[in-house]
Amino acid sequence: MFESPNELNIARKEHKHLSFSAGIYYCLGGQAAKLEIEVAFNCLCDKFKQPRLQEEPVWRKNSNMHGMEMLMIAI
Ligand code: HEM
């Protein structure tokens with residue numbers, strides 16, 4: 001579905017993902033969760049001059065709930 005799906009790219013333009021499900025089951029907290037991560041990334045960028053990936057993220061080996069296990073950021 002997405003180009004380089006396992007690459008952490010916070011500037012992706014494609015939004016047709018199913019992270020918050022879809023239709024009548026769409027996550028009720030989806031907007032709050034997206035706002036929270038936006039605020040978190042803004043705080044990170046405000047606090048540190050140029051945060052960047054130190055190494056590739058470690059992804060959880062769980063096909064039910066995809067996500068990162070570890071994200072190393074150099075500041
Ligand atoms: C990154 C954070 C989150 C992710 C990835 C996420 C993901 C999901 C997914 C995939 C579903 C659909 C489950 C299904 O189809 O059975 C769902 C449903 C739901 N989520 Fe979230 N969620 C997140 C955060 C939150 C938060 C912060 C809240 C509440 C404050 C919340 C409240 C709900 C509720 C109430 C439903 C059930 C909606 C319904 O069936 O009508 N979620 N979420």
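Both ligands and their constituent atoms are indexed starting at 1 by order of listing. If you read the sequence from its start, that first residue is 1, and numbering goes on from there.
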| Nearest to atom 19 (C) of ligand 1 by heavy atom, G30, C27, S21, A22: which? | C27
| message | Suppose I only count heavy atoms of Y26 and a 4.0 Å limit; which atoms of ligand 1 are within that range? | response | 38 (C)
| field | Non-hydrogen atom of S19 closer than 4.0 Å to ligand 1 | value | yes
| field | Protein non-hydrogen atom below 4.0 angstrom of atom 12 (C) of ligand 1 present | value | yes
| Does I24 reach ligand 1, in the sense of a heavy atom lying below 4.0 Å from it? | yes
| query | Should we count CD of E36 as having more than 12 external heavy atoms under 6.0 Å? | reply | no
| field | Whether over 12 other heavy atoms sit under 6.0 Å from M68 CE | value | yes
| Who's the nearest protein heavy-atom neighbour of atom 4 (C) of ligand 1, and how far? | F20 CE2, 3.5 Å
| task | Please check atom 16 (O) of ligand 1 for a protein heavy-atom neighbour under 4.0 Å. | result | no
| message | Counting only heavy atoms from other residues, nucleotides and ligands, does the tally under 6.0 Å from CD of E14 exceed 12? | response | yes
| request: Mind listing the closest non-hydrogen atom pair of R12 and F2 along with its distance? | output: NH1-CB, 4.3 Å
| Taking atom 2 (C) of ligand 1 as the reference point, the nearest protein heavy atom with its distance | A33 CB, 3.7 Å
| task | Distance to 0.1 Å, residue and atom name: give those for the protein heavy atom nearest to atom 36 (C) of ligand 1. | result | L28 N, 3.9 Å
| task | Identify the protein heavy atom lying closest to atom 32 (C) of ligand 1, giving its residue, its atom name and the separation to 0.1 Å. | result | G29 N, 3.6 Å
| note | All heavy atoms of F20 vs all of A33, minimum pair found to be CE2-CB, 3.9 Å
| said: Does Y26, at its OH atom, have more than 12 non-hydrogen atoms belonging to other residues, nucleotides or ligands within less than 6.0 Å? | reply: yes
| note | Minimal heavy-atom distance between L44 and P51, with the atoms involved, is O-CG, 4.2 Å
